[in-house]
2 protein chains.
Amino acid sequence: MIPAIDSSHLVNMGSARKHADWIAVDWGTSNLRAWAFRDGTAVAKATSDKGMGVLAADAFEAALLDVVEPWLGTGPMRVVASGMAGARQGWREAPYATVPCAPTGTGGVRPEVADPRLDVTILPGLAQDKPADVMRGEETQIAGYLAGNPGFDGIVCLPGTHTKWVHVSAGEVVSFRTFMTGEIFALLSTGSVLRHSVGEGWDDTAFAEAVDDAVGRPEAMAARLFALRAETLLAGLGKGAATARLSGLLIGAELAAARAYWLGQRIVLVGESGQVSHYANALASLGAVAETADATEATLAGLAAAHARIQEQS
Amino acid sequence: MIPAIDSSHLVNMGSARKHADWIAVDWGTSNLRAWAFRDGTAVAKATSDKGMGVLAADAFEAALLDVVEPWLGTGPMRVVASGMAGARQGWREAPYATVPCAPTGTGGVRPEVADPRLDVTILPGLAQDKPADVMRGEETQIAGYLAGNPGFDGIVCLPGTHTKWVHVSAGEVVSFRTFMTGEIFALLSTGSVLRHSVGEGWDDTAFAEAVDDAVGRPEAMAARLFALRAETLLAGLGKGAATARLSGLLIGAELAAARAYWLGQRIVLVGESGQVSHYANALASLGAVAETADATEATLAGLAAAHARIQEQS
């Protein structure tokens with residue numbers, strides 16, 4: 001069992017020994033986060049905006065070196081990466097493991113590198129045949145949460161750009177479903193006519209009412225969205241209320257569709273704190289109590305568990 | 001009654017008399033279309049990409065002159081404009097008429113102009129108090145359709161960026177509802193992760209199945225959307241099939257929500273022919289037969305009806 005790692009107490013690398021024991025990487029579509037581990041603890045963190053989305057396959061190694069070079073020694077440094085680096089458009093495709101299976105039960109792929117100081121393993125994502133679904137990165141967070149909560153049986157919900165609802169039992173991912181709620185919120189807020197209606201601020205009542213509306217009649221989404229714009233024009237709807245209502249409509253519709261996942265289940269929310277609290281409030285309004293877990297800690301614990309397994313196998 | 005105008009037979013302005021009798025303008029968010037009328041017929045057409053969205057209030061007159069100057073005489077030319085020129089961010093705000101009311105029952109506003117050859121009237125849009133809703137431009141198309149079909153009692157559906165479902169009875173708009181279906185399709189197709197899945201082509205079967213899925217369980221939208229991406233990755237879903245399915249999911253959800261508008265009603269679809277045929281097919285799969293009417297003809301007939309009324313009042 002890997003203990004949960006509290007990332008709020010990162011310290012600078014000591015001067016006595018510069019290099020890390022190993023390096024953990026979470027490589028997303030829009031950014032890259034890396035941590036230097038020493039003696040079982042993350043002791044330094046570095047980030048970059050070189051996400052998978054802006055990198056050609058031959059540019060990943062240099063992007064990684066830009067971030068982790070200060071932590072390298074003279075010999076090969078083990079780097080364990082989760083996320084989109086393993087996508088088809090990533091560094092090297094890490095084939096999906098198919099559920100039901102353990103969240104990170106397989107070894108991953110090792111991209112070729114030019115720099116002999118790098119020894120990189122990219123962890124695979126998970127796939128589901130029917131309904132077709134995929135994840136890359138969240139499986140590592142689930143593994144990390146399970147490392148700290150080995151007997152967990154229930155639902156892990158990971159709010160984000162592509163929110164995942166994941167049924168976990170006996171250490172395995174049984175099934176999951178992805179909702180594009182976060183991406184749709186971002187697109188509507190910035191790219192649609194609603195960008196004139198939303199803005200700074202938040203209104204808890206507007207959010208709760210919108211969740212209730214959407215759960216009750218989720219099909220009316222496209223009309224309720226335009227009503228936000230119309231109420232701005234006709235009734236002076238404030239930007240904070242409009243933002244909260246947009247979020248509530250989208251999360252409410254998601255909860256209506258994901259009911260089989262959360263109704264009567266133990267639920268843990270793993271994600272960014274603002275999003276997690278919106279989901280927790282929406283679930284509470286439907287009578288469901290959700291626990292929460294820190295997303296970064298889950299990521300680090302998951303990468304550490306994968307590193308330990310790789311060490312055992314080598 | 002204004003006869004429908006067949007815009008497919010526009011002729012060049014004759015050399016004997018250069019100027020128009022009056023000018024019809026449909027000023028949208030992204031473009032501007034103008035027609036020169038002579039002897040009750042549209043004899044020339046001109047367009048520009050100077051839509052409301054790219055114009056400050058003081059730039060509308062010049063944008064209009066760029067398009068219509070060849071048709072002006074020496075005296076004031078009457079210009080009748082519908083659409084977003086009358087929005088709050090437009091040339092001059094034309095306050096909404098509130099339903100129930102005739103689609104273009106009021107006179108509109110006359111922006112100040114520097115060029116004495118222009119005499120511009122901007123027609124008002126329609127607003128609805130509850131649920132809050134607005135339209136600008138579609139009311140003129142409805143008026144034009146009614147000019148050619150004065151006894152019409154039923155539903156006018158205008159597919160587009162913001163699709164309108166409009167209940168018309170006794171020459172008045174009784175109620176209406178706007179769905180952001182077209183804008184959501186465009187955003188998802190070009191700005192979301194689904195842009196990698198959609199593309200050229202179309203698959204009627206995929207469209208029909210998606211309509212059926214969405215009507216049956218419209219709340220699952222955000223999950224079904226991500227499944228498009230997953231099926232591309234896992235099952236080689238083709239771009240045409242993905243495009244058709246995305247369209248079918250969004251139109252199906254709209255039809256589920258708009259059921260009170262179309263079920264058991266006389267329906268006429270007014271819009272661009274591709275969109276109209278998708279809506280007609282989706283409605284047919286639900287057992288509803290829709291008539292169709294040409295959108296440009298409806299626009300021209302509506303502007304001509306407004307022009308006739310303005311002439312009577314002056």
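The basis for the numbers below is simple: all heavy atoms, side chains too, and nothing from hydrogens, waters or symmetry mates. Computed from a prediction, not measured in an experiment: that's the story for all the values here.
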* Structure fact -> Turns out that what part of A:Ala227 lies under 4.5 Å from chain B's heavy atoms comes down to both
* To do: Output the distance between atom CG (B:Leu194) and atom OG1 (B:Thr243), rounded to the nearest 0.5 Å.
  => 10.0 Å
* **Most contacts with chain B, counted as non-hydrogen pairs under 4.5 angstrom, among A:Thr181, A:Thr161, A:Leu233** => A:Leu233
* To do: Could you look at A:Gln89 and say if it's the side chain, the backbone, both or neither that has a heavy atom under 4.5 Å from chain B?
  => side chain
* **Contact winner vs chain B - A:Val134, A:Thr29, A:Asp129, A:Leu228, heavy-atom pairs under 4.5 Å** => A:Val134
* If you count heavy-atom pairs under 4.5 Å with chain A, which of B:Gly191, B:Ser192, B:Ala220 comes out on top? -> B:Ser192
* Relative to chain B, which segment of A:Leu187 carries a heavy atom at a distance below 4.5 Å: side chain, backbone, both, or neither? -> both
* Asked: Is the shortest distance from a Lys or Arg side-chain nitrogen in A:Arg136 or A:Glu138 to a carboxylate oxygen in the other one below 4.0 Å?
  -> no
* To do: Let me know if B:Glu183 has heavy atoms under 4.5 Å from chain A in its side chain, its backbone, both or neither.
  => side chain
* Asked: Between atom SG of B:Cys101 and atom OH of B:Tyr96, what is the distance when rounded to the nearest 0.5 Å?
  -> 13.0 Å
* Nearest-0.5 Å distance, CH2 of residue B:Trp262 to CG of residue B:Leu286 -> 4.5 Å
* Structure fact -> When rounded to the nearest 0.5 Å, the distance separating CD1 of B:Ile251 from OH of B:Tyr279 is 5.0 Å
* To do: Among the options A:Arg177, A:Glu231, A:Gln128, pick out the one with the most heavy-atom pairs lying under 4.5 Å from chain B.
  => A:Arg177
* Asked: Relative to the ring of B:Trp91, is the ring of B:Phe60 parallel (under 30°), tilted (30 to 60°) or perpendicular (over 60°)?
  -> parallel
* In terms of heavy-atom proximity below 4.5 Å to chain B, should A:Glu254 be classed as side chain, backbone, both, or neither? -> neither
* Structure fact -> Distance col, row A:Cys157:SG vs A:Ile267:CD1, nearest 0.5 angstrom, shows 8.0 Å
* To do: Name the region of A:Val215, side chain, backbone, both or neither, that has any atom closer than 4.5 Å to a heavy atom of chain B.
  => neither
* Asked: So what's closer than 4.5 Å to chain A heavy atoms on B:Ala256: side chain, backbone, both or neither?
  -> both
* Distance (rounded to the nearest 0.5 Å) between A:Glu219 CD and B:Leu255 CG -> 11.5 Å
* Structure fact -> One option among A:Asp133, A:Thr163, A:Leu225 has the most heavy-atom pairs under 4.5 Å with chain B, and it is A:Asp133
* **Region of A:Lys164 that comes under 4.5 Å of a non-hydrogen atom in chain B** => side chain
